[in-house]
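Everything numeric in this text was worked out from a predicted model, so none of it was measured. Chain naming here is simple, since letters A, B, ... match the order of the sequence lines and numbering starts at 1 in each.
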Amino acid sequence: MSLTAALNPPQREAAKYLDGPLLVLAGAGSGKTRVITHKIAYLIGECGYKPSSIAAITFTNKAAREMQDRAAKLTKDVNTKGLIVTTFHSMGLRMLREDAKFAELKPAFSILDSADAMGIISEILKTTDKQEIRRAVSRISLWKNELKSPAVALASAEDDNARVYAKIYDRYDATLRAYQAVDFDDLIRLPAELLDTHAELREKWQNRLRHILIDEYQDTNIAQYRLLQKLTGVRAAFTAVGDDDQAIYGWRGASADNLKQLREDYPHLHVVKLEQNYRSTVRILKAANSLISNNPKLFEKRLWSDLGHGDAIQIMPTKDDEHEAESVVMRLLSHKFQHRTEWRDYAILYRGNYQARVFEQALRNEKVPYQLSGGQSFFDRSEIKDVIAYLRLIANSDDDPAFIRAVTTPKRGIGTATLEKLGQVAATLHVGLFEATFSAAAASQIGERHLAPLLEFCNFINRFEERITREPAGELLNDLLKSINYEIYIFDQDDTRAAQSKWNNVMEFAAWIAKKGEADEKNLLQLTQTIALITLLEGREEEEPDAVRLSTLHAAKGLEFGHVFLVGIEENILPHREAVDEGRLEEERRLMYVGVTRAKKSLTLSYCARRKRARESVACDPSRFIEELGDDVRMPDKPSTAETKASGSDRLAALKAMLG
DNA sequence: TTATGTGGCTTTTTT
DNA sequence: AGCCACATAA
């Protein structure tokens with residue numbers, strides 16, 4: 001039995017094509033992941049590739065995990081051990097750890113998260129204005145994603161404004177180097193630069209990897225593309241799979257131009273189009289096609305489906321955000337009752353994470369199990385970040401942001417004034433805060449009363465540093481938590497309920513470390529070095545297997561659901577106001593397109609007449625995108641009165657009565 | 001100098 | 001509802 005027998009002709013062509021670079025233009029629901037997993041199976045099972053010579057690269061850890069699962073299932077009789085399935089960022093991290101010295105980094109360098117990055121920028125700019133900081137961070141990020149160094153950024157700056165930002169970029173990068181730290185963008189940019197400048201590294205990696213498959217290619221940026229080019233070299237053995245209509249990461253430096261660029265850079269590029277949609281009904285697909293036809297076309301592509309017409313797309317006008325959440329949940333309940341579906345068949349998708357709150361409340365009120373995806377990561381919670389700060393500092397004593405967080409949490413009598421002084425000492429000596437603590441200058445400039453706790457803290461860290469590679473990760477972490485009295489600190493800080501939840505998170509983290517340490521035979525140092533890239537969902541996914549999914553549109557890409565509710569489909573939200581102001585309407589439209597094409601059987605859109613924003617209530621208009629869905633989808637003539645709060649609860653009561 | 005309490009202000013998307 | 005700046009107490 002051929003490993004590609006289950007594919008349709010273009011899918012099979014894509015899976016078996018090995019004569020050079022391949023671009024698969026795969027519309028929504030056309031079997032992208034299927035092609036990639038089958039190709040992996042084919043390469044290993046029929047072409048004799050070693051699993052470890054194949055890399056499949058995705059954008060999120062979740063997608064990577066799903067791909068790993070599907071590939072493993074498909075190749076039951078084929079051994080996939082060693083197969084590399086990762087995100088661009090973890091691939092880059094892997095390379096950078098291995099070849100850190102070429103980048104003048106110690107192997108235990110730290111990875112700074114966005115909060116750390118914003119903190120550094122805030123210091124440089126001497127401001128706390130979030131808007132201003134975010135502008136600088138995003139500017140720098142875009143430069144990094146274009147592989148532009150601070151010097152190049154400065155040279156190519158066109159006005160004073162850009163020159164100022166370029167100088168900030170320069171100081172920011174110097175700061176990172178001093179901390180022996182990298183940010184998320186560096187995880188792509190530095191490996192790409194290393195391969196560019198070091199032939200020996202190029203050779204090493206090109207020999208190791210014989211075929212690379214990239215999912216969601218439309219969302220790659222220049223740095224990622226360059227990394228791919230350097231990894232594949234002249235053989236250019238890669239399969240890029242993407243859909244320009246689903247490019248939604250332009251703000252992160254991704255550009256569908258990369259799709260065009262491929263054609264120019266690889267004249268022999270073979271292109272396969274997948275146009276049959278196996279996911280959605282004709283009605284949903286028609287609306288999606290109608291919507292996206294308002295965007296200029298890069299590659300001509302016509303999606304079709306033979307899954308029947310299906311239900312009409314529903315539009316739900318509501319009074320305000322609370323009413324919207326209640327109405328959606330109610331409609332969901334009645335739909336589930338009528339169709340005998342599972343909770344997991346439903347998804348509620350929205351533009352911004354903040355929109356989730358009202359829906360969570362409404363779902364909780366009705367005891368509907370739900371799972372929140374995207375949003376704040378487990379590792380972004382303050383209590384987890386506290387613990388990680390200790391680990392980071394133990395691993396890398398140059399990591400000043402980690403030092404500051406750890407030394408002040410829990411409070412140990414060291415405040416801003418002392419840290420300020422220590423910072424000055426460190427700056428004149430050109431060392432980190434940790435090392436500066438032990439200097440003669442510190443002894444002379446910082447009073448005994450404040451220096452003593454500093455020294456005690458640093459010695460404490462040193463003692464753990466000696467143990468970190470020797471003792472089991474779980475035990476050592478528990479020891480650390482006990483030593484800093486973290487539980488007491490947590491319960492002092494918050495009321496019992498909040499504290500308990502925080503402490504539970506810490507315990508969950510500790511348990512996760514212990515388990516991971518044993519399973520992968522990794523010590524605490526090794527675990528610390530990968531933590532920054534892992535998200536909450538990895539460990540918790542199975543807890544609530546049958547639950548309604550709450551997700552941002554961005555985080556929903558690549559997923560599909562029987563029944564989808566797109567909520568808050570209003571001007572200023574989708575499309576987002578700033579996106580409209582800055583002329584980025586097309587990407588907003590693609591975001592809407594991604595939402596529409598998540599649905600298999602039914603699609604419901606909702607919007608509010610008024611919405612609470614900050615403290616006051618503001619009037620809202622339905623999104624222009626609703627009209628663009630085509631004649632088949634009609635706006636109701638006037639805001640429906642059928643679904644007011646009162647009648648809503650009545651129907652809900654009736655429904656509950658029926659359910660007994 | 002450090003730790004804690006209060007009032008004003010705010011929300012795009014993610015590795 | 002949460003975060004930050006600022007003011008005040010220890």
Side-chain angles (χ1 to χ4, degrees), chain A residues 57-64 86-93 111-115 117 122 127-131 133-134 137-138 141 144-145 182-189 216 219-221 223-224 247-254 321 349-358 360-361 373-377 379-380 382 408-421 446-447 449-450 453 492-494 498 530 532-535 551-557 568 572-582 584 587-588 590-592 594-595 611-616 618:
Chain A
I57 300 178
T58 62
F59 275 80
T60 61
N61 289 304
K62 205 178 5 164
T86 46
T87 62
F88 262 112
H89 288 86
S90 18
M91 181 76 202
L93 174 61
I111 305 167
L112 300 188
D113 60 27
S114 357
S122 149
T127 177
T128 52
D129 182 343
K130 254 193 170 159
Q131 283 282 322
I133 294 170
R134 274 230 310 262
V137 167
S138 115
S141 175
K144 287 194 173 190
N145 287 325
V182 301
D183 61 20
F184 284 125
D185 299 320
D186 288 336
L187 292 176
I188 314 290
R189 164 195 172 230
E216 310 282 8
D219 288 325
T220 52
N221 55 41
Q224 288 163 331
I248 53 176
Y249 284 99
W251 49 275
R252 215 168 67 180
D321 42 357
L349 308 179
Y350 37 80
R351 175 69 227 258
N353 286 305
Y354 67 95
Q355 290 172 271
R357 177 156 285 139
V358 264
E360 279 192 88
Q361 192 55 54
S373 62
Q376 201 199 22
S377 155
F379 293 96
D380 274 344
S382 65
T408 53
T409 324
K411 304 281 177 229
R412 43 169 66 78
I414 296 160
T416 45
T418 307
L419 282 174
E420 198 99 325
K421 267 191 210 156
I446 300 172
R449 201 164 86 83
H450 297 111
D492 275 357
Q493 282 295 290
D494 297 274
T530 54
L533 295 178
I534 305 169
T535 60
S551 169
T552 61
L553 286 161
H554 281 88
K557 196 175 63 156
N572 297 332
I573 295 181
L574 185 67
H576 192 269
R577 195 172 56 80
E578 276 179 53
V580 177
D581 290 349
E582 292 164 27
R584 302 190 329 257
E587 182 155 306
E588 297 295 301
R590 290 192 293 266
L591 199 50
M592 175 82 175
V594 166
R611 178 179 288 278
K612 264 209 294 292
R613 200 175 165 80
R615 206 150 250 176
E616 74 232 296
V618 293

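- Heavy-atom nearest nucleotides on DNA chain B were determined for A579(A) and for T60(A), and the one closer to the 5' end corresponds to A579(A).
- Of all the heavy atoms in N145(A) and R252(A), the pair that sits closest is ND2-O, 3.0 Å.
- Here dT4(B) is the nucleotide among dT15(B), dT13(B), dT4(B) with the atom lying nearest to any side-chain atom of K411(A).
- Taking every side-chain heavy atom of T87(A) into account, dT15(B) is the closest of dT14(B), dT1(B), dT15(B).
- Relative to the side chain of K130(A), the nucleotides dT1(B), dT13(B), dT11(B) differ in distance, and dT11(B) lies closest.
- Protein atom CG of L419(A) is 8 Å distant from nucleotide atom P of dT2(B), rounded to whole Å.
- As a whole-Å value, the separation of Q131(A) CD from dT10(B) C1' is 10 Å.
- Contacts of E578(A) with the nucleic acid, taken as non-hydrogen atoms under 4.0 Å apart, include base atoms.
- Contact record, F184(A) with H89(A): O-CD2, 3.3 Å, taken as the closest heavy-atom pair.
- Counting non-hydrogen atoms under 4.0 angstrom, I414(A) reaches the backbone sugars and phosphates but no base.
- In this structure, CG of D219(A) is placed 11 Å from C1' of dT14(B), rounded to the nearest angstrom.
- Between R134(A) and S90(A), the residue whose closest nucleotide on DNA chain B is further toward the 5' end is R134(A).
- For R252(A) and dT14(B), the CZ to C1' distance is 5 Å, given to the nearest whole Å.
- For A417(A), counting side-chain heavy atoms from C-beta on, the closest listed nucleotide (dT1(B), dT13(B), dT15(B)) is dT1(B).
- Among the protein residues, R584(A) comes within range of the nucleic acid bases, having at least one heavy atom under 4.0 Å from a base atom.
- When the side-chain nitrogen and oxygen atoms of N353(A) are compared with OP1 and OP2 of dT14(B), one or more of them lie within a distance under 4.0 Å.
- Here the OG1 atom belonging to T60(A) is positioned 8.0 Å from the CD atom belonging to E216(A), to the nearest 0.5 angstrom.
- Distance, I133(A) CD1 to dT11(B) P: 11 Å, rounded to whole Å.
- Comment: E587(A) engages R590(A) in a salt bridge, judged by a side-chain N to carboxylate O separation of less than 4.0 angstrom.
- Of all the heavy atoms in A556(A) and S551(A), the pair that sits closest is N-OG, 3.5 Å.
- The H450(A) side chain lies nearest to dT1(B) when the options are dT11(B), dT1(B), dT15(B).
- Evaluation of W251(A) against the base of dT13(B) yields a stacking contact (centre distance < 5.5 Å, interplanar angle < 30°).
- Counting to the nearest Å, the P atom of dT13(B) and the CG atom of L349(A) are 14 Å from each other.
- Contact annotation: T418(A) does not reach the phosphate of dT1(B) (side-chain N/O to OP1 or OP2, under 4.0 Å).
- Closest non-hydrogen pair, K612(A) versus D321(A), comes out as N-OD2, 3.5 Å.
- When the P atom of dT14(B) is taken as reference, atom CG of N221(A) falls 16 Å away, rounded to whole Å.
- As rounded to whole Å, 6 Å separates atom P of dT14(B) from atom OH of Y249(A).
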